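Contents: one structure, followed by commentary.
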Amino acid sequence: RAAGLSAYLLERYNMDLNGIILVSSVLDFATIGFNKNNDLPYVLFLPTYTATAWYHNKLSPELQKDLNQTLDQARDFAMGAYSRALFMGDALTGKERETIVDQVAKFTGLSAEFVGRHDLRVDSYAFAKNLLQQQQKIVGRFDSRFIGIDPNPAASRAGYDPSGVAIFAPYTSTLYHYLHNDLQIKRDIPYEIITNDVRPWNYGRFVNGYANALGALSEAMTKNRHMRVFVASGYFDLATPFFGSEYTFDHLGLSPELHKNITMEYYKAGHMMYVHEPSLKKMKKDLSLFYQQSMTRRP
């Protein structure tokens, strides 16, 4: 929305924005669409699986030592051997396939048998369901640091998101308190945090394709070379993975000069990183600096 609006305001009203902030963003839905013949999400989610497995101590000892170094290895594997293996499809056989299966298992904390049975392609829902299966626990989608009891271990998917149920109630009560006491709005209508009532979503010109705001953001940044973009990503976000944001911003088609206007920051939390107090403090510091930089235009 913010990416599209930056281009629309410029084109329709000649409004130059100083900057926009993207929190746990997805600009290209191909990066999160686990659909047949779209291998991209499996590649882009893998480092988040690694971070999650690291948090829950499911990796080998050498990978548990330093999160950043481990994630660098996961990125390299995802972009290299793993991408090539998925590209090969059914042509990947024998010892070569076994090697990749073992590597995926190594970086995800899942069993090699499970990875092989899923043909090297484990979507985020299957991962959340199976990482802690032996403990009959599931991990959160919005924030994979959260765990919950699996109510139906035999099912293929988790029945709920532990990170969602942990924060939705406090969010709702806080909003009700604000509306009733601060704004003096007394209407007793339910607050819908997430609802299927908005579906089916109409993506207009993206029908029969993936919704994509890359062109809009690239256009806005090219025409308004002073506009800065802040991208906040959580390492434990199984909804919009941080590696997906990196991939997206590496495919904007911008000049090196304009790439300098992009600031990417990472947090040891999930989709709503501000529920984690250390991340909240870091984010406040990061954004304060971003606001200052955005208000200072270069000649």
Side-chain angles (χ1 to χ4, degrees), residues 1-9 13 15 17-27 29 32 48 55 124 128 138-149 158-203 211 213 216-217 227-242 245 263-295:
R1 292 185 293 271
L5 190 60
S6 66
Y8 179 79
L9 291 176
Y13 298 104
M15 291 178 60
L17 299 180
N18 290 79
I20 61 174
I21 297 168
L22 305 176
V23 178
S24 303
S25 64
V26 54
L27 301 183
F29 275 63
I32 64 171
T48 300
Y55 183 85
S124 59
I138 53 178
V139 302
R141 176 174 178 264
F142 286 123
D143 193 326
S144 61
R145 296 175 302 135
F146 288 75
I147 61 174
I149 296 172
Y160 69 103
D161 177 0
S163 57
V165 298
I167 63 177
F168 286 173
Y171 274 20
T172 301
S173 61
T174 299
L175 181 68
Y176 280 143
H177 184 276
Y178 176 65
L179 291 175
H180 282 244
N181 296 281
D182 291 27
L183 300 183
Q184 296 297 307
I185 297 175
K186 302 300 183 181
R187 291 181 297 171
D188 290 323
I189 55 178
Y191 171 54
E192 305 281 4
I193 293 184
I194 293 180
T195 175
N196 284 325
D197 291 344
V198 300
R199 301 181 188 278
W201 196 270
N202 183 2
Y203 287 105
L217 182 59
M227 188 178 78
R228 294 180 178 270
V229 179
F230 182 93
V231 185
S233 299
Y235 285 133
F236 308 114
D237 180 2
L238 281 174
T240 56
F242 67 89
S245 291
T263 299
M264 305 193 78
E265 292 292 344
Y266 302 85
Y267 304 90
K268 291 183 178 179
H271 195 70
M272 291 80 77
M273 63 282 296
Y274 35 81
V275 304
H276 178 237
E277 188 172 353
S279 295
L280 175 64
K281 292 179 178 178
K282 180 182 184 305
M283 193 174 193
K284 182 180 186 299
K285 182 179 179 181
D286 293 339
L287 287 175
S288 294
L289 177 61
F290 177 75
Y291 293 144
Q292 294 173 15
Q293 294 173 336
S294 299
M295 296 300 291

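Keep in mind that what you see is a predicted model, and the values were worked out from it rather than measured. Side-chain atoms are counted along with the backbone in the values below, which use heavy atoms only and exclude waters and symmetry mates.
When all heavy atoms of Y267 and A232 are compared, the closest pair comes out as CE1-CB, 3.8 Å. What you find for D161 and G140 is that their closest heavy atoms are OD1-CA, 3.1 Å. Of all heavy-atom pairs between F168 and I194, the closest is CZ-CD1, 3.7 Å. In this structure, L217 and M227 approach most closely via the heavy-atom pair CD1-CE, 4.0 Å. Across all their heavy atoms, S279 and A269 have their closest contact at OG-CB, 3.7 Å. In plain terms, the two heavy atoms of A3 and S6 that are nearest each other are O-OG, 2.6 Å.
Within the 4.5 Å cutoff, no side-chain heavy atoms of S233 are placed close to those of T240. By the 4.5 Å heavy-atom criterion applied to side chains, Y160 and I138 are counted as neighbours. At least one side-chain heavy atom of Y8 sits less than 4.5 Å from a side-chain heavy atom of Y13. In this structure, the side chains of I20 and L5 stay at 4.5 Å or more apart for every pair of heavy atoms. Put simply, the side chain of F242 reaches to within 4.5 Å of the side chain of T48, judged on heavy atoms. In this structure the side chain of M273 reaches within 4.5 angstrom of the side chain of V23, judged on heavy atoms. Between R145 and V275 the shortest side-chain heavy-atom distance falls below 4.5 Å. Residues Y266 and D286 form no side-chain contact, since every pair of their non-hydrogen atoms from C-beta on lies 4.5 Å or further apart.
Of the inter-residue distances, the one linking M283 atom CE with Y274 atom OH reads 7.5 Å to the nearest 0.5 angstrom. In this structure, CD1 in I185 is found 8.5 Å from OH in Y178, a value given to the nearest 0.5 Å. The structure places CG of D143 at 8.5 Å from NE2 of H276, a figure rounded to the nearest 0.5 Å. If you take CZ on R187 and CG on L179, they are separated by 8.5 Å, rounding to the nearest 0.5 Å. Between the CG atom of L287 and the CD atom of Q293 there is a distance of 11.0 Å, given to the nearest 0.5 Å.
Side-chain atoms of Y191 do not come within 3.5 Å of backbone N or O of Y171 as any donor-acceptor pair. Side-chain atoms of S163 come within 3.5 Å of backbone atoms of F142 as a donor-acceptor pair (strictly under, hydrogens ignored). In this structure a side-chain-to-backbone donor-acceptor pair under 3.5 Å is missing from S144 to L238. A donor-acceptor pair is defined here as one N or O able to donate and one able to accept, closer than 3.5 Å; such a pair exists between the side chain of S24 and the backbone of H271. Side chain of K186 to main chain of H180: a donor-acceptor pair is present (N/O by atom type, distance under 3.5 Å, no hydrogens or angles).
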CA sep, side-chain torsions, deciding dist, call: V165, F146, side-chain contact (heavy atoms from CB on, under 4.5 Å): CA-CA 10 Å; V165 298; F146 288 75; over 6 Å; no
Go through it in stages, so that I can follow the logic: the residues are I21 and Y291, the test is side-chain contact (heavy atoms from CB on, under 4.5 Å), and I'd like the CA-CA distance, side-chain angles, deciding distance and then a yes or no. CA-CA 10 Å; I21 297 168; Y291 293 144; 3.5 Å; yes
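Atom CG of L289 sits in a crowded spot, with more than 12 heavy atoms from other residues, nucleotides or ligands closer than 6.0 Å. Remark: Q184 CD is packed, more than 12 non-hydrogen atoms of other residues, nucleotides or ligands lying under 6.0 Å away. Counting non-hydrogen atoms of neighbouring residues, nucleotides and ligands closer than 6.0 angstrom, the CE atom of M264 exceeds 12 such neighbours.
R141 pairs by the salt bridge (charged side-chain N to carboxylate O under 4.0 Å, His left out) definition with nothing, not counting sequence neighbours.
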